[in-house]
Trainee: 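First the structure, then my questions, so here it is.
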Amino acid sequence: MTKRVLILGGTGEARRLAGLLADRVEVTTSLAGRTANPARLPGVVRTGGFGGADGLAKYLAAHRIEKLVDATHPYAARMGSNAVDAARRAKTPLLRVERPPWIAEPGDDWRRFKTLDALVAGLPSLGSHALITLGGADLEKFLALNGVALTVRAIDPPPAVVERSDITLILERGPFDLDGELALLSARGIDVLVTRDSGGAATSAKLVAARTKGLPVAMLARPARPRVNSVAEVADAVRWVLSDEKPEEDQEHDKR
Ligand code: NAP
């Protein structure tokens with residue numbers, strides 16, 4: 001049976017997976033180290049980059065990791081690619097846990113943008129006060145906008161914090177509920193929501209709030225990540241880790 005598992009984390013799925021596995025196998029969760037006070041995790045936690053796919057492959061070999069689970073956020077494009085590359089080099093079976101994208105419902109007014117540049121360029125035509133929920137990264141691109149006030153919600157202060165009367169920073173960690181989201185939109189006079197297509201329930205209330213108030217949503221598309229053996233549910237990842245699937249079978253699966 002599998003004994004040593006590495007989870008590439010930074011998400012609620014990774015935390016739940018570590019919790020379900022911790023008393024059955026040796027679990028290490030890897031965090032990038034972006035969040036100042038990450039939620040506590042069962043099992044061992046290591047923090048910081050590996051030094052690319054090569055570094056991760058070396059880590060897998062040196063720590064005799066038997067299975068690798070990439071449970072990073074759908075927008076962690078580089079890590080998603082490095083995991084595939086490193087798993088192939090180290091011949092470590094890999095599974096990705098990825099939340100399905102959100103699905104629009106009647107009444108939703110979602111405008112999808114393939115790139116952040118396109119989203120920023122299109123924003124002035126959608127509203128004059130945007131709630132930015134992109135995790136704090138990439139804020140600089142919005143700073144050149146004229147005539148669009150910004151309310152930025154992030155867990156940690158974004159790198160590009162700017163003292164400007166038309167920019168408000170809210171430091172808060174989800175989950176968020178509908179009443180709170182409706183109150184925020186009203187109190188700040190928000191008329192457009194900017195979001196990633198993160199999926200999952202923890203941050204979806206903002207979409208319901210936007211629908212309720214008839215506001216447009218500017219949605220940044222998910223980045224491309226290499227195709228790999230994937231599941232949406234943490235329970236399926238638990239089964240995969242605990243199964244005696246042979247590595248060869250996983251590698252075959254990955255090629256599909
Ligand atoms: P990224 O752009 O794909 O990764 C950039 C670099 O950060 C990677 O090349 C890797 O460095 C390091 N890294 C990323 N995830 C790591 C992990 N779990 N453990 C160790 N090193 C990691 O990733 P990102 O978008 O900056 O996300 C960083 C972390 O935040 C991830 O754990 C992700 O799950 C979490 N997160 C991201 C978002 C988002 O919207 N992007 C949202 C919520 C949570 P090396 O090449 O040196 O190994």
Side-chain angles (χ1 to χ4, degrees), residues 5-18 27-41 43-63 65 67-90 92 94-99 101-102 113 115-116 119 132-142 152-160 171-176 194-204 206 218-226 228 230 232 234 237:
V5 178
L6 177 65
I7 301 172
L8 302 174
T11 57
E13 286 83 355
R15 190 169 62 248
R16 288 204 303 282
L17 181 60
V27 182
T28 300
T29 302
S30 175
L31 300 176
R34 303 272 192 279
T35 308
N37 295 303
R40 284 194 57 193
L41 286 161
V44 175
V45 177
R46 68 158 301 283
T47 305
F50 294 93
D54 190 43
L56 177 54
K58 285 182 178 141
Y59 180 98
L60 294 173
H63 292 79
I65 300 296
K67 287 189 176 174
L68 174 64
V69 181
D70 175 9
T72 54
H73 193 270
Y75 285 75
R78 191 127 51 95
M79 200 66 223
S81 174
N82 286 355
V84 172
D85 199 356
R88 197 168 286 139
R89 289 192 213 184
T92 308
L94 167 66
L95 181 75
R96 181 183 293 155
V97 185
E98 187 168 77
R99 301 169 205 169
W102 284 315
F113 295 91
T115 66
L116 189 63
L119 189 154
I132 310 281
T133 59
L134 297 176
D138 303 321
L139 182 56
E140 311 91 84
K141 298 211 173 183
F142 290 90
V152 179
R153 183 167 68 191
I155 296 176
D156 292 308
L171 297 181
E172 228 179 331
R173 185 196 293 268
F176 302 102
V194 177
T195 181
R196 293 171 174 172
D197 188 0
S198 298
T203 58
S204 61
K206 62 189 170 188
M219 190 174 277
L220 183 64
R222 289 186 175 196
R225 303 206 284 180
V228 68
S230 296
V234 171

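Values reported hereafter were calculated over all heavy atoms of this structure, with side chains retained and with hydrogens, waters and symmetry mates removed. Atoms within a ligand are numbered from 1 in the order they appear, just like the ligands themselves.
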Trainee: Under 4.0 Å from a heavy atom of Tyr75: give me the atoms of ligand 1 that qualify, with their elements.
Mentor: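 Within the 4.0 Å cut-off of Tyr75, ligand 1 contributes 25 (O), 39 (C), 40 (O), 41 (N).
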Trainee: Assess Arg225 against Tyr75: is NZ or CZ under 6.0 Å from the centre of the six-membered ring, and within 45 degrees of the ring's axis?
Mentor: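 So Arg225 doesn't make the cation-pi contact.
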Trainee: Which of these, Pro38, Gly51, Gly10, has its nearest heavy atom closest to atom 44 (C) of ligand 1?
Mentor: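 It is Gly10 that holds the nearest heavy atom.
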Trainee: Between Leu31 and ligand 1, which part of the residue brings a heavy atom under 4.0 Å of the ligand: side chain, backbone, both or neither?
Mentor: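 Just the backbone.
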Trainee: What's the shortest heavy-atom distance between Thr11 and Ala71, and which atoms?
Mentor: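 Nearest heavy atoms, Thr11 then Ala71: OG1-O, 2.6 Å.
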Trainee: On a heavy-atom basis, which atom in Ala83 and which in Leu8 lie closest, and how many Å separate them?
Mentor: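 It is CB-CD1, 3.7 Å.
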Trainee: For atom 38 (C) of ligand 1, tell me which residue out of Arg34, Arg78, His73, Arg225 has the closest non-hydrogen atom.
Mentor: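 Minimum heavy-atom distance to atom 38 (C) of ligand 1 goes to His73.
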Trainee: Whether Arg46 engages the ring of Phe50 as a cation-pi pair (distance to the six-membered ring centre under 6.0 angstrom, angle to the ring normal within 45°) should be assessed.
Mentor: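 Yes, Arg46 and Phe50 form such a contact.
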Trainee: Could you tell me, atom by atom, which parts of ligand 1 come under 4.0 Å of a heavy atom of Asn82?
Mentor: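 Close to Asn82: 9 (O), 46 (O).
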Trainee: What part of Ala53, side chain from CB on, backbone N/CA/C/O, both or neither, has a heavy atom under 4.0 Å from ligand 1?
Mentor: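 Within the 4.0 Å criterion, Ala53 makes no contact with ligand 1.
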Trainee: Would you compute the distance between atom CZ of Arg34 and atom CG of Asp156 and round it to the nearest 0.5 angstrom?
Mentor: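 Taking CZ in Arg34 and CG in Asp156, the distance rounds to 11.5 Å.
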Trainee: What protein heavy atom sits nearest atom 41 (N) of ligand 1, and how far off is it?
Mentor: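 Going atom by atom, the protein heavy atom closest to atom 41 (N) of ligand 1 ends up being Arg196 NH1, 3.5 Å.
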Trainee: Given Ala83, Pro223, Gly49, Gly52, which has its nearest heavy atom closest to atom 46 (O) of ligand 1?
Mentor: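 Looking at heavy atoms only, Gly52 sits closest to atom 46 (O) of ligand 1.
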Trainee: Using a 3.5 Å cut-off on N or O atoms only, is Met79 in polar contact with ligand 1?
Mentor: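 Between Met79 and ligand 1, an N or O pair is found under 3.5 Å apart.
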Trainee: Looking at Lys141 and Leu116, what are the two nearest heavy atoms and their distance?
Mentor: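 Shortest heavy-atom separation between Lys141 and Leu116 comes out as CD-CD2, 3.8 Å.
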Trainee: Under 4.0 Å from a heavy atom of Thr72: give me the atoms of ligand 1 that qualify, with their elements.
Mentor: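 Near Thr72, meaning under 4.0 Å from one of its heavy atoms, ligand 1 has 18 (N), 34 (O).
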Trainee: Just to confirm my output: which protein heavy-atom neighbour is closest to atom 31 (C) of ligand 1, and how far is it?
Mentor: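 Going atom by atom, the protein heavy atom closest to atom 31 (C) of ligand 1 ends up being Gly9 O, 3.7 Å.
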Trainee: Suppose we measure from atom 27 (O) of ligand 1 to each protein heavy atom; which comes out shortest, and what is that distance?
Mentor: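 Heavy-atom neighbour on the protein nearest atom 27 (O) of ligand 1: Ala76 CB, 4.0 Å.
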Trainee: Please answer whether the main-chain N or O of Val228 pairs with a side-chain N or O of Ser230 as donor and acceptor at a distance below 3.5 Å.
Mentor: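 Yes, the answer is positive, given that a donor and an acceptor are paired below the 3.5 Å cut-off.
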Trainee: Can you check which of Ser81, Ala32, Gly33 brings a heavy atom nearest to atom 29 (C) of ligand 1?
Mentor: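 Nearest option to atom 29 (C) of ligand 1, by heavy atoms: Ala32.
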Trainee: Numbering the atoms of ligand 1 from 1, which are under 4.0 Å from a heavy atom of Gly48?
Mentor: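 Contacts of ligand 1 toward Gly48, numbered from 1: 20 (C), 21 (N).
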Trainee: Between Thr72, Val97, Val69, which is the residue that forms a side-chain contact (heavy atoms from CB on, under 4.5 Å) with Glu13?
Mentor: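 Of all the options given, the one that passes is Val97.
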Trainee: Can you list the atoms of ligand 1 that are under 4.0 Å from a heavy atom of Ser30?
Mentor: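 Answer for ligand 1: 17 (C), 18 (N), 19 (N), 20 (C).
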Trainee: Please report which non-hydrogen protein atom sits nearest to atom 48 (O) of ligand 1, along with the residue it belongs to and the distance in Å to one decimal place.
Mentor: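 Atom 48 (O) of ligand 1 sits closest to the protein heavy atom Phe50 N, 2.7 Å.
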Trainee: Check whether Trp102 reaches the backbone of Ser204 with its side chain - one donor and one acceptor, N or O, closer than 3.5 Å.
Mentor: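 Not a single qualifying donor-acceptor pair exists.
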Trainee: Would you name the heavy atoms of Ala86 and Ala57 that are closest together and state the gap between them?
Mentor: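 Heavy-atom minimum between the residues: CB-N, 3.6 Å.
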Trainee: Without hydrogens or angle criteria, can the side chains of Lys206 and Thr195 be said to hold a donor-acceptor pair below 3.5 Å?
Mentor: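 Per modelled atom types, Lys206 and Thr195 side chains form a pair under 3.5 Å.
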Trainee: Considering the heavy atoms of Ala77, write down every atom of ligand 1 situated less than 4.0 Å from one of them.
Mentor: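 Contacts of ligand 1 toward Ala77, numbered from 1: 3 (O).
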